[in-house]
Amino acid sequence: MKKRQRWKENLVTALEVPRDLAYKDAIVTVTGQNLAVIENYRSILRYTREEIVVLTLRGKLTICGKRLEIPCYTPEEMQVCGSISSIFMERQ
């Protein structure tokens, strides 16, 4: 298994493919304390006004805060608005 993973890493490096694209890593872009954009997510696991938990390919992404809402989302990305106090990733 390690040999296969190393081969993939070498291929990604040689082709200069961005890591997030090659490994489908989640991308979280935070603007101030009121907006976060999440890309490459799989599903929404929990959605309350204080906590949003999103499943990614590599684990769970949790956003905590106050008055959180998801004003728009597509299968590729979602926006989270509100007073964001913390964001953390729990790897599988």
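We number each residue from 1, following the sequence as shown.
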* Is there a side-chain contact between Arg49 and Glu69 (heavy atoms, below 4.5 Å)? ->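 Yes, at least one pair of side-chain atoms sits under 4.5 Å.
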* Under a single-linkage rule joining Ile, Leu, Val, Met, Phe, Trp and Tyr whose side-chain heavy atoms are separated by less than 4.5 Å, which residues share a cluster with Val53? ->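 Result for Val53 is Leu45, Leu55.
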* To do: Check which hydrophobic residues are tied to Tyr73 through side-chain heavy-atom contacts below 4.5 Å, counting indirect links as well, and list them.
  =>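 Result for Tyr73 is Val28, Val30, Ile38, Tyr41, Ile44, Tyr47, Ile52, Val54, Leu61, Ile63, Leu68, Ile70, Met78, Val80, Ile84, Ile87, Met89.
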* Asked: Which residues satisfy the salt bridge (charged side-chain N to carboxylate O under 4.0 Å, His left out) test with Arg42, sequence neighbours excluded?
  ->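 Salt bridge (charged side-chain N to carboxylate O under 4.0 Å, His left out) check on Arg42 returns nothing, list empty.
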* With sequence neighbours excluded, what pairs up with Thr31 under the side-chain contact (heavy atoms from CB on, under 4.5 Å) test? ->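 Leu35.
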* Using side-chain contact (heavy atoms from CB on, under 4.5 Å) as the criterion, list what pairs up with Ser85, not counting sequence neighbours. =>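 side-chain contact (heavy atoms from CB on, under 4.5 Å) list for Ser85, sorted by chain: Cys64.
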* To do: Please collect all salt bridge (Lys or Arg N to Asp or Glu O under 4.0 Å) contacts where either partner lies in residues 73-92, sequence neighbours excluded, each pair once.
  =>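 Non-adjacent pairs meeting salt bridge (Lys or Arg N to Asp or Glu O under 4.0 Å): zero.
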* **Partner set under side chain to side chain donor-acceptor pair (under 3.5 Å) for Arg46, not counting sequence neighbours** =>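 Arg46 satisfies side chain to side chain donor-acceptor pair (under 3.5 Å) with Glu51 only.
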* Apply side chain to side chain donor-acceptor pair (under 3.5 Å) to Glu39 and list each qualifying residue two or more places apart in sequence or on a separate chain. =>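 If we apply the side chain to side chain donor-acceptor pair (under 3.5 Å) test to Glu39, skipping adjacent residues, there are no hits.
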